[in-house]
Amino acid sequence: MGIIGVGAMGEALLRGLLAAGWDKAEVSLCVRRPERRDEIAASTGCVAALKPAEAVKGRDVIVVAVKPRDVPTVLEQLAGELSDDQIVLSLAAGVRTETYESGLGPLPVVRAMPNTPALVRKGVTGVAAGKHATEEHLALANAVLGAVGSVRVMDEALLDAVTAVSGTGPAYVFLLAEALTEAAMREGLPRDVAENFVHETIRGAGHLLTDTPKSPAQLRYEVTSPGGTTAAAMHVLEERGFRALVEDAVRAAALRATELGGSG
Ligand SMILES: NC(=O)c1ccc[n+]([C@@H]2O[C@H](COP(=O)([O-])OP(=O)(O)OC[C@H]3O[C@@H](n4cnc5c(N)ncnc54)[C@H](OP(=O)(O)O)[C@@H]3O)[C@@H](O)[C@H]2O)c1
């Protein structure tokens, strides 16, 4: 595999794959600044090239993990460098498979939207096939991304919604963690205790969501007794429009994904 752009997401994928047992020799990297190359070498022991063409030679899967605005430059840099037995796996929010197909020719392109928990192999990724990608190409993309979490194949039209929900999703949870920690400190808990209790609560609640068959509503009812403390807290969140706020945030992220891809 070759990874073009080793920032937050590229590095999360790289580290996740190494943690999953991939050998460093199975992955080539490309960054654009020598300082970043040195950072990556120091933190992972992997050597990165400064030119995409060098990182794609002899690789089956070419992962594009640059910001959407940098995709046109990467397409220019890769023009004529790929053959149709290589697949392009794009992680760029909003950028459509047809953008790659018109920039690179009739190559198999798989568009994916992962998230940063890939770093700890707990990612969740939506993938969609471009015009020239077959089941076999999707299976290859699944094999790469499946090493760092769960993968679901879907229609490309749904990927901007996935970007807004799970691609962006960790940030919603981190903001909640920050707010809850500040609130805990306001109630008198020392910072380290507040952080520990908030982080473990989010981890524990996450496990209840994924490891039991219960719905979020059912789990919430179970911690809400009539006239109790949770009921008092829920009343404030509902009255101040928590659900509508979340819906508006997700809508804003989905619209932004579409804008970034230059498709709307
Ligand atoms: N972060 C997330 O949670 C997340 C989740 C899902 C999908 N994504 C997608 O993943 C992509 C990367 O996001 P990110 O958050 O990882 O961004 P990022 O941290 O800015 O990483 C992008 C990296 O690509 C490098 N780069 C840019 N142009 C390049 C080129 N021509 N050749 C080689 N390297 C190049 C940048 O170099 P510099 O260091 O010089 O800027 C930077 O290190 C985006 O398209 C985003 O939509 C991100």
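Ligands are counted one by one from 1 in listed order, and the atoms in each one are counted from 1 as well. Residue numbers count from 1 along this sequence.
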### Query
Under 3.5 Å, is there a donor-acceptor pair linking the side chains of N115 and S166?
no

For ligand 1, output the ligand-protein N/O contacts shorter than 3.5 angstrom; if there are none, return none.
residue: ligand 1; atom: 15 (O); partner: K67; partner atom: NZ; Å: 3.4
residue: ligand 1; atom: 16 (O); partner: A8; partner atom: N; Å: 3.1
residue: ligand 1; atom: 16 (O); partner: M9; partner atom: N; Å: 2.7
residue: ligand 1; atom: 17 (O); partner: K67; partner atom: NZ; Å: 3.2
residue: ligand 1; atom: 19 (O); partner: A8; partner atom: N; Å: 2.9
residue: ligand 1; atom: 31 (N); partner: Q77; partner atom: OE1; Å: 3.0
residue: ligand 1; atom: 37 (O); partner: R32; partner atom: NE; Å: 3.3
residue: ligand 1; atom: 39 (O); partner: R33; partner atom: NE; Å: 3.4
residue: ligand 1; atom: 39 (O); partner: R33; partner atom: NH2; Å: 2.7
residue: ligand 1; atom: 40 (O); partner: R32; partner atom: NE; Å: 2.9
residue: ligand 1; atom: 40 (O); partner: R33; partner atom: NE; Å: 2.7
residue: ligand 1; atom: 41 (O); partner: R32; partner atom: NH2; Å: 3.1
residue: ligand 1; atom: 45 (O); partner: V66; partner atom: O; Å: 2.6
residue: ligand 1; atom: 47 (O); partner: A93; partner atom: N; Å: 2.9

### Atom pair CD1 (I202) and CZ (F197), whose distance is rounded to the nearest 0.5 Å
14.0 Å

### Query
Does CD in E136 sit with more than 12 non-hydrogen atoms of other residues, nucleotides or ligands closer than 6.0 Å?
no

### Message
Quick check for you: to the nearest 0.5 Å, what is the distance between R59 atom CZ and S28 atom OG?
### Response
3.0 Å

### Message
Please enumerate all residues that pass side chain to side chain contact (heavy atoms under 4.5 Å, CB included) together with L176, with sequence neighbours excluded.
### Response
none

### Task
Output the distance between atom CZ (R96) and atom OG (S102), rounded to the nearest 0.5 Å.
11.5 Å

